[in-house]
There are 2 protein chains.
Amino acid sequence: MRSVEQIAEQLRKKGLKLTPQRRLIIDILLHDRTHPTVEEVYRKVLETMPEVSRTTVYNTIREMLSLGEVAEVQDLSDGGIRYDTTGEPHHHFFCVRCKALVDVNLDLPPMAESSTELSDCVIIKQQLTLYGLCPACRALQSQEEALEEKEAVAGR
Amino acid sequence: MRSVEQIAEQLRKKGLKLTPQRRLIIDILLHDRTHPTVEEVYRKVLETMPEVSRTTVYNTIREMLSLGEVAEVQDLSDGGIRYDTTGEPHHHFFCVRCKALVDVNLDLPPMAESSTELSDCVIIKQQLTLYGLCPACRALQSQEEALEEKEAVAGR
DNA sequence: ATGCAACTTGTAACCATTATAAACAAAAAC
DNA sequence: GTTTTTGTTTATAATGGTTACAAGTTGCAT
(Lines give C-alpha, C1' and ligand atoms only; values in the text may rest on other atoms or scores of the structure.)
Protein backbone atom coordinates (compact mmCIF):
# COMPACT_ATOMS: atom_id res chain seq x y z
CA MET A 1 0.00 0.00 0.00
CA ARG A 2 1.16 3.51 -0.79
CA SER A 3 2.31 5.65 2.09
CA VAL A 4 2.42 9.36 2.67
CA GLU A 5 6.20 9.01 2.80
CA GLN A 6 6.41 7.61 -0.71
CA ILE A 7 4.41 10.52 -2.04
CA ALA A 8 6.45 12.97 0.01
CA GLU A 9 9.49 11.64 -1.83
CA GLN A 10 7.84 12.33 -5.16
CA LEU A 11 6.98 15.85 -4.06
CA ARG A 12 10.55 16.53 -3.00
CA LYS A 13 11.82 15.36 -6.36
CA LYS A 14 9.71 18.04 -7.98
CA GLY A 15 10.98 20.70 -5.60
CA LEU A 16 7.75 20.78 -3.64
CA LYS A 17 7.44 20.80 0.12
CA LEU A 18 5.55 18.54 2.46
CA THR A 19 3.58 20.86 4.69
CA PRO A 20 1.35 19.74 7.56
CA GLN A 21 -1.70 20.62 5.44
CA ARG A 22 -0.52 18.55 2.52
CA ARG A 23 0.41 15.65 4.76
CA LEU A 24 -3.09 15.56 6.18
CA ILE A 25 -4.87 15.89 2.86
CA ILE A 26 -2.74 13.19 1.25
CA ASP A 27 -3.28 10.92 4.21
CA ILE A 28 -7.03 11.35 3.93
CA LEU A 29 -6.96 10.68 0.20
CA LEU A 30 -4.92 7.51 0.57
CA HIS A 31 -7.35 6.01 3.05
CA ASP A 32 -10.58 6.96 1.32
CA ARG A 33 -12.33 4.41 -0.86
CA THR A 34 -15.56 6.35 -1.35
CA HIS A 35 -14.59 8.39 -4.42
CA PRO A 36 -14.93 11.66 -2.51
CA THR A 37 -15.52 15.11 -3.96
CA VAL A 38 -13.24 18.00 -3.05
CA GLU A 39 -15.90 19.20 -0.66
CA GLU A 40 -16.02 15.85 1.12
CA VAL A 41 -12.27 15.78 1.51
CA TYR A 42 -12.37 19.36 2.75
CA ARG A 43 -14.88 18.50 5.46
CA LYS A 44 -12.71 15.63 6.67
CA VAL A 45 -9.69 17.90 6.72
CA LEU A 46 -11.51 20.40 8.92
CA GLU A 47 -12.09 17.75 11.58
CA THR A 48 -8.36 17.70 12.25
CA MET A 49 -7.15 21.10 11.07
CA PRO A 50 -10.03 23.59 11.17
CA GLU A 51 -7.92 26.40 9.72
CA VAL A 52 -7.19 24.84 6.35
CA SER A 53 -8.69 26.63 3.39
CA ARG A 54 -10.72 25.06 0.64
CA THR A 55 -8.21 26.33 -1.90
CA THR A 56 -5.42 24.29 -0.34
CA VAL A 57 -7.51 21.17 -0.69
CA TYR A 58 -8.15 21.97 -4.35
CA ASN A 59 -4.45 22.62 -4.94
CA THR A 60 -3.24 19.50 -3.21
CA ILE A 61 -5.70 17.28 -5.02
CA ARG A 62 -4.56 18.85 -8.28
CA GLU A 63 -0.95 18.01 -7.44
CA MET A 64 -1.92 14.44 -6.62
CA LEU A 65 -3.70 14.29 -9.93
CA SER A 66 -0.58 15.36 -11.82
CA LEU A 67 1.44 12.81 -9.89
CA GLY A 68 -1.02 10.20 -11.04
CA GLU A 69 -1.81 9.24 -7.46
CA VAL A 70 -5.45 10.12 -7.87
CA ALA A 71 -7.79 10.06 -10.86
CA GLU A 72 -10.90 11.93 -11.85
CA VAL A 73 -13.91 9.72 -12.06
CA GLN A 74 -17.11 9.72 -14.03
CA ASP A 75 -19.49 11.57 -11.83
CA LEU A 76 -23.15 11.41 -12.60
CA SER A 77 -24.22 12.27 -9.10
CA ASP A 78 -23.60 16.02 -9.32
CA GLY A 79 -21.94 18.06 -6.64
CA GLY A 80 -18.56 18.17 -8.29
CA ILE A 81 -15.82 15.94 -9.62
CA ARG A 82 -15.17 12.74 -7.70
CA TYR A 83 -11.73 11.30 -7.23
CA ASP A 84 -10.60 7.73 -7.36
CA THR A 85 -7.85 7.33 -4.81
CA THR A 86 -7.05 3.67 -5.31
CA GLY A 87 -3.59 2.81 -6.56
CA GLU A 88 -4.47 -0.53 -8.10
CA PRO A 89 -6.44 -0.84 -11.33
CA HIS A 90 -10.03 -1.87 -10.77
CA HIS A 91 -13.50 -1.43 -12.18
CA HIS A 92 -16.68 0.35 -11.14
CA PHE A 93 -20.29 -0.34 -10.42
CA PHE A 94 -22.59 2.67 -10.60
CA CYS A 95 -26.10 2.54 -9.14
CA VAL A 96 -28.28 4.61 -11.44
CA ARG A 97 -30.79 5.21 -8.66
CA CYS A 98 -28.79 6.21 -5.58
CA LYS A 99 -25.77 7.32 -7.63
CA ALA A 100 -23.36 5.29 -5.54
CA LEU A 101 -20.09 4.37 -7.19
CA VAL A 102 -18.30 1.34 -5.80
CA ASP A 103 -15.15 -0.48 -6.79
CA VAL A 104 -15.41 -3.89 -8.34
CA ASN A 105 -12.60 -6.39 -8.57
CA LEU A 106 -12.82 -8.56 -11.60
CA ASP A 107 -10.38 -9.77 -14.16
CA LEU A 108 -10.70 -8.34 -17.60
CA PRO A 109 -8.34 -9.51 -20.31
CA PRO A 110 -6.87 -6.74 -22.50
CA MET A 111 -9.63 -5.89 -24.95
CA ALA A 112 -7.77 -3.59 -27.35
CA GLU A 113 -6.62 -6.45 -29.57
CA SER A 114 -10.17 -7.34 -30.54
CA SER A 115 -10.53 -4.06 -32.35
CA THR A 116 -8.83 -3.20 -35.60
CA GLU A 117 -9.87 0.44 -35.12
CA LEU A 118 -7.35 0.70 -32.30
CA SER A 119 -4.42 -1.01 -33.98
CA ASP A 120 -2.36 2.18 -34.12
CA CYS A 121 -3.23 3.40 -30.66
CA VAL A 122 -1.28 2.93 -27.46
CA ILE A 123 -3.53 1.57 -24.74
CA ILE A 124 -2.53 2.61 -21.24
CA LYS A 125 -5.38 1.21 -19.22
CA GLN A 126 -8.89 -0.03 -19.53
CA GLN A 127 -11.77 0.42 -17.17
CA LEU A 128 -15.13 -1.20 -17.12
CA THR A 129 -18.16 0.54 -15.67
CA LEU A 130 -21.26 -1.45 -14.83
CA TYR A 131 -24.55 0.41 -14.56
CA GLY A 132 -27.46 -0.95 -12.64
CA LEU A 133 -29.30 -1.11 -9.34
CA CYS A 134 -27.64 -1.90 -6.05
CA PRO A 135 -29.45 -4.37 -3.75
CA ALA A 136 -31.12 -1.64 -1.69
CA CYS A 137 -32.35 0.26 -4.72
CA ARG A 138 -33.50 -2.90 -6.39
CA ALA A 139 -35.83 -3.50 -3.46
CA LEU A 140 -37.13 0.07 -3.45
CA GLN A 141 -37.67 -0.02 -7.18
CA SER A 142 -39.85 -3.15 -7.15
CA GLN A 143 -41.78 -1.76 -4.19
CA GLU A 144 -42.58 1.36 -6.18
CA GLU A 145 -43.57 -0.60 -9.22
CA ALA A 146 -45.99 -2.68 -7.17
CA LEU A 147 -47.55 0.52 -5.84
CA GLU A 148 -47.99 1.99 -9.29
CA GLU A 149 -49.60 -1.21 -10.44
CA LYS A 150 -52.14 -0.97 -7.64
CA GLU A 151 -52.96 2.65 -8.44
CA ALA A 152 -53.46 1.82 -12.07
CA VAL A 153 -55.91 -0.94 -11.20
CA ALA A 154 -57.76 1.33 -8.79
CA GLY A 155 -58.63 3.42 -11.80
CA ARG A 156 -56.07 6.23 -11.65
CA MET B 1 -31.87 4.09 -36.90
CA ARG B 2 -33.89 6.30 -34.62
CA SER B 3 -35.86 9.06 -36.24
CA VAL B 4 -37.11 12.41 -35.05
CA GLU B 5 -40.61 11.06 -35.58
CA GLN B 6 -40.11 8.20 -33.16
CA ILE B 7 -38.96 10.61 -30.51
CA ALA B 8 -41.78 13.03 -31.28
CA GLU B 9 -44.13 10.18 -30.49
CA GLN B 10 -42.47 9.69 -27.11
CA LEU B 11 -42.80 13.38 -26.40
CA ARG B 12 -46.50 13.41 -27.21
CA LYS B 13 -47.07 10.48 -24.88
CA LYS B 14 -45.69 12.57 -22.06
CA GLY B 15 -47.87 15.54 -22.99
CA LEU B 16 -44.94 17.45 -24.44
CA LYS B 17 -44.99 19.38 -27.68
CA LEU B 18 -42.84 19.17 -30.77
CA THR B 19 -41.72 22.66 -31.61
CA PRO B 20 -39.49 23.61 -34.55
CA GLN B 21 -36.66 24.30 -32.11
CA ARG B 22 -36.94 20.88 -30.54
CA ARG B 23 -37.21 19.20 -33.89
CA LEU B 24 -33.95 20.80 -35.00
CA ILE B 25 -32.06 20.09 -31.80
CA ILE B 26 -33.19 16.48 -31.73
CA ASP B 27 -32.25 16.08 -35.37
CA ILE B 28 -28.77 17.41 -34.69
CA LEU B 29 -28.33 15.14 -31.69
CA LEU B 30 -29.39 12.04 -33.60
CA HIS B 31 -26.83 12.63 -36.32
CA ASP B 32 -23.88 13.62 -34.18
CA ARG B 33 -21.28 11.02 -33.29
CA THR B 34 -18.74 13.37 -31.76
CA HIS B 35 -20.00 13.40 -28.17
CA PRO B 36 -20.80 17.11 -28.34
CA THR B 37 -21.13 19.52 -25.44
CA VAL B 38 -24.22 21.69 -25.07
CA GLU B 39 -22.23 24.58 -26.48
CA GLU B 40 -21.29 22.62 -29.58
CA VAL B 41 -24.87 21.61 -30.20
CA TYR B 42 -25.91 25.21 -29.66
CA ARG B 43 -23.50 26.45 -32.30
CA LYS B 44 -24.82 23.95 -34.81
CA VAL B 45 -28.37 24.97 -34.01
CA LEU B 46 -27.56 28.61 -34.71
CA GLU B 47 -26.44 27.76 -38.23
CA THR B 48 -30.03 26.89 -39.08
CA MET B 49 -32.07 28.87 -36.57
CA PRO B 50 -30.07 31.85 -35.34
CA GLU B 51 -32.77 32.93 -32.89
CA VAL B 52 -32.74 29.89 -30.66
CA SER B 53 -31.61 30.50 -27.11
CA ARG B 54 -28.99 28.54 -25.27
CA THR B 55 -31.54 27.74 -22.61
CA THR B 56 -33.72 25.87 -25.09
CA VAL B 57 -30.79 23.70 -26.07
CA TYR B 58 -30.12 22.93 -22.42
CA ASN B 59 -33.77 22.11 -21.82
CA THR B 60 -34.16 19.89 -24.85
CA ILE B 61 -31.02 17.94 -24.11
CA ARG B 62 -32.27 17.45 -20.57
CA GLU B 63 -35.52 16.04 -21.91
CA MET B 64 -33.65 13.71 -24.24
CA LEU B 65 -31.64 12.61 -21.26
CA SER B 66 -34.74 11.72 -19.28
CA LEU B 67 -36.09 9.84 -22.29
CA GLY B 68 -32.87 7.87 -22.33
CA GLU B 69 -32.16 8.92 -25.91
CA VAL B 70 -28.92 10.56 -24.90
CA ALA B 71 -26.42 9.84 -22.14
CA GLU B 72 -23.94 11.89 -20.21
CA VAL B 73 -20.40 10.84 -20.84
CA GLN B 74 -17.21 10.93 -18.86
CA ASP B 75 -15.67 14.21 -19.78
CA LEU B 76 -12.06 14.76 -18.92
CA SER B 77 -11.57 17.40 -21.57
CA ASP B 78 -13.25 20.23 -19.70
CA GLY B 79 -15.65 22.64 -21.32
CA GLY B 80 -18.74 20.99 -19.98
CA ILE B 81 -20.61 17.71 -20.00
CA ARG B 82 -20.45 15.72 -23.23
CA TYR B 83 -23.35 13.70 -24.54
CA ASP B 84 -23.37 10.33 -26.14
CA THR B 85 -26.08 10.33 -28.76
CA THR B 86 -25.72 6.81 -30.07
CA GLY B 87 -28.64 4.46 -29.63
CA GLU B 88 -26.68 1.24 -29.74
CA PRO B 89 -24.45 0.09 -26.91
CA HIS B 90 -20.76 0.56 -27.61
CA HIS B 91 -17.48 1.34 -25.91
CA HIS B 92 -15.08 4.27 -25.77
CA PHE B 93 -11.49 5.09 -26.48
CA PHE B 94 -10.19 8.23 -24.81
CA CYS B 95 -6.94 9.85 -25.88
CA VAL B 96 -5.30 11.20 -22.75
CA ARG B 97 -3.31 13.73 -24.76
CA CYS B 98 -5.75 15.37 -27.17
CA LYS B 99 -8.79 14.42 -25.07
CA ALA B 100 -10.64 12.96 -28.03
CA LEU B 101 -13.34 10.45 -27.21
CA VAL B 102 -14.26 8.01 -29.96
CA ASP B 103 -16.63 5.09 -30.13
CA VAL B 104 -15.24 1.61 -30.31
CA ASN B 105 -17.13 -1.44 -31.45
CA LEU B 106 -16.02 -4.58 -29.73
CA ASP B 107 -17.76 -7.50 -28.19
CA LEU B 108 -17.63 -7.77 -24.47
CA PRO B 109 -19.29 -10.71 -22.78
CA PRO B 110 -21.36 -9.84 -19.69
CA MET B 111 -18.82 -9.41 -16.92
CA ALA B 112 -21.08 -9.14 -13.89
CA GLU B 113 -21.16 -12.90 -13.31
CA SER B 114 -17.45 -13.01 -12.56
CA SER B 115 -17.99 -10.97 -9.44
CA THR B 116 -19.65 -12.25 -6.31
CA GLU B 117 -19.79 -8.67 -5.01
CA LEU B 118 -22.47 -7.93 -7.58
CA SER B 119 -24.62 -11.02 -7.10
CA ASP B 120 -27.53 -9.03 -5.68
CA CYS B 121 -27.33 -6.17 -8.12
CA VAL B 122 -29.27 -5.69 -11.31
CA ILE B 123 -26.92 -4.90 -14.18
CA ILE B 124 -28.44 -2.74 -16.89
CA LYS B 125 -25.46 -2.13 -19.09
CA GLN B 126 -21.71 -2.25 -19.12
CA GLN B 127 -19.31 0.09 -20.78
CA LEU B 128 -15.62 -0.24 -21.32
CA THR B 129 -13.37 2.80 -21.57
CA LEU B 130 -9.90 2.44 -23.01
CA TYR B 131 -7.35 5.12 -22.15
CA GLY B 132 -4.30 5.74 -24.28
CA LEU B 133 -2.78 7.67 -27.14
CA CYS B 134 -4.38 8.02 -30.55
CA PRO B 135 -2.09 7.53 -33.58
CA ALA B 136 -1.48 11.27 -34.04
CA CYS B 137 -0.65 11.85 -30.39
CA ARG B 138 1.53 8.77 -30.28
CA ALA B 139 3.71 10.33 -32.98
CA LEU B 140 3.84 13.72 -31.26
CA GLN B 141 4.68 12.12 -27.96
CA SER B 142 7.69 10.17 -29.26
CA GLN B 143 8.87 13.28 -31.11
CA GLU B 144 8.83 15.22 -27.85
CA GLU B 145 10.62 12.51 -25.98
CA ALA B 146 13.39 12.45 -28.57
CA LEU B 147 13.76 16.21 -28.18
CA GLU B 148 14.01 16.02 -24.40
CA GLU B 149 16.61 13.31 -24.74
CA LYS B 150 18.72 15.56 -26.93
CA GLU B 151 18.48 18.49 -24.51
CA ALA B 152 19.50 16.30 -21.61
CA VAL B 153 22.58 15.12 -23.47
CA ALA B 154 23.44 18.71 -24.45
CA GLY B 155 23.93 19.35 -20.78
CA ARG B 156 20.63 20.84 -19.69
C1' DA C 1 -61.40 29.90 -33.65
C1' DT C 2 -60.46 29.76 -28.65
C1' DG C 3 -58.21 28.72 -24.46
C1' DC C 4 -55.03 26.35 -21.84
C1' DA C 5 -50.94 24.20 -21.07
C1' DA C 6 -46.61 23.98 -22.51
C1' DC C 7 -42.63 26.40 -24.68
C1' DT C 8 -39.05 29.88 -25.67
C1' DT C 9 -36.35 33.61 -24.44
C1' DG C 10 -33.28 36.77 -21.87
C1' DT C 11 -31.71 37.67 -17.51
C1' DA C 12 -30.27 36.61 -13.15
C1' DA C 13 -28.78 33.31 -9.78
C1' DC C 14 -25.92 29.33 -8.55
C1' DC C 15 -22.06 26.77 -7.52
C1' DA C 16 -17.80 24.26 -8.46
C1' DT C 17 -13.42 25.52 -9.78
C1' DT C 18 -9.43 28.57 -10.87
C1' DA C 19 -6.75 32.88 -10.68
C1' DT C 20 -4.70 36.39 -8.00
C1' DA C 21 -2.21 38.81 -4.52
C1' DA C 22 -0.60 39.39 0.01
C1' DA C 23 0.96 37.30 4.19
C1' DC C 24 3.68 33.43 5.77
C1' DA C 25 7.00 29.45 6.43
C1' DA C 26 10.96 26.89 5.62
C1' DA C 27 15.04 25.89 3.73
C1' DA C 28 19.41 27.74 1.48
C1' DA C 29 22.97 31.17 1.09
C1' DC C 30 25.89 34.15 3.01
C1' DG D 1 22.13 33.91 12.78
C1' DT D 2 20.38 36.98 9.44
C1' DT D 3 18.95 37.52 4.90
C1' DT D 4 17.24 35.75 0.65
C1' DT D 5 14.89 32.79 -2.09
C1' DT D 6 11.42 29.79 -3.08
C1' DG D 7 7.41 27.74 -2.33
C1' DT D 8 2.80 27.71 0.48
C1' DT D 9 -1.41 29.16 2.49
C1' DT D 10 -5.16 32.03 2.77
C1' DA D 11 -9.07 35.02 1.55
C1' DT D 12 -11.17 37.10 -2.10
C1' DA D 13 -12.44 37.81 -6.69
C1' DA D 14 -13.24 36.09 -11.26
C1' DT D 15 -14.75 32.47 -14.47
C1' DG D 16 -17.77 29.51 -16.74
C1' DG D 17 -21.12 25.84 -17.20
C1' DT D 18 -25.72 25.07 -15.71
C1' DT D 19 -30.27 26.06 -13.72
C1' DA D 20 -34.16 29.08 -12.01
C1' DC D 21 -37.29 32.46 -13.06
C1' DA D 22 -40.78 35.54 -15.16
C1' DA D 23 -42.84 37.48 -19.25
C1' DG D 24 -44.28 36.87 -23.65
C1' DT D 25 -45.39 33.29 -27.37
C1' DT D 26 -46.93 29.06 -29.60
C1' DG D 27 -48.67 24.31 -30.34
C1' DC D 28 -52.61 21.76 -30.07
C1' DA D 29 -57.00 19.86 -28.26
C1' DT D 30 -61.70 21.15 -27.85
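Letters go in sequence order (proteins before strands), and every chain restarts at 1.
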Margin query: Quick one: does any side-chain atom of Q126(B) pair with a main-chain N or O of L108(B) as donor and acceptor, under 3.5 Å?
Written below: yes
Notebook entry, point to check: Between R82(A) and E72(A), is the closest basic N to carboxylate O distance under 4.0 Å?
Noted result: no
Check: Does K17(B) get its side chain close enough to the base of dA5(C), under 3.5 Å, for a donor-acceptor pair?
Finding: yes
Check: Can you name the ring-ring contact (aromatic ring centres under 6.0 Å, His included) partners of H92(B), sequence neighbours left out?
Finding: H35(B), H90(B)
Next item on the list: Please find the earliest and latest nucleotides of DNA chain D, in the 5' to 3' direction, that have an atom within less than 4.0 Å of any heavy atom of chain B.
Entry: dG17(D) to dC28(D)
Notebook entry, point to check: OG1 of T37(B) to OH of Y83(B): how many Å apart, nearest 0.5 Å?
Noted result: 9.0 Å
Note to self: What is the distance, to the nearest angstrom, from the CZ atom on R23(A) to the C1' atom on dA26(C)?
What the structure shows: 15 Å
Margin query: Could you tell me if Q21(B) and E51(B) have a donor-acceptor pair between their side chains, going purely by distance under 3.5 Å?
Written below: no
Check: Say you draw a straight line from CD of Q127(A) to CD of Q127(B); how long is it, rounded to the nearest 0.5 Å?
Finding: 11.0 Å
Item checked: Atom-pair distance (CG on L24(B); P on dC7(C)), nearest Å -> 17 Å
Check: How does protein reach along nucleotides 10-22 of chain C, written 5' to 3' as B (base within reach of a heavy atom under 4.0 Å), S (only sugar-phosphate), or - (no contact)?
Finding: BB----SBBB---
Check: Same cluster for L128(A) and L101(B) if Ile/Leu/Val/Met/Phe/Trp/Tyr side chains link at under 4.5 Å?
Finding: no
Check: When the distance from CE of M49(B) to C1' of dT9(C) is rounded to whole Å, what number comes out?
Finding: 12 Å
Check: According to a strict under-4.0 Å criterion, is Q21(B) in side-chain N/O contact with OP1 or OP2 of dT9(C)?
Finding: yes
Next item on the list: Whole angstrom is fine here: how far is it from CD1 in I25(B) over to P in dC7(C)?
Entry: 12 Å
Next item on the list: Just do the salt bridge (Lys or Arg N to Asp or Glu O under 4.0 Å) check on K44(B) and D32(B) with the steps written out, would you?
Entry: CA-CA 10 Å; K44(B) 265 197 194 167; D32(B) 194 307; 3.0 Å; yes
Check: What is the nucleic acid contact for T56(A), judged by heavy atoms within less than 4.0 Å: base, sugar-phosphate only, or nothing?
Finding: base
Margin query: Tell me the interatomic distance from L16(A), atom CG, to dA27(C), atom P, rounded to whole angstroms.
Written below: 14 Å
Checklist line | Point-to-point distance, once rounded to the nearest 0.5 Å, from OG of S115(B) to CD of E117(B) | finding: 4.0 Å
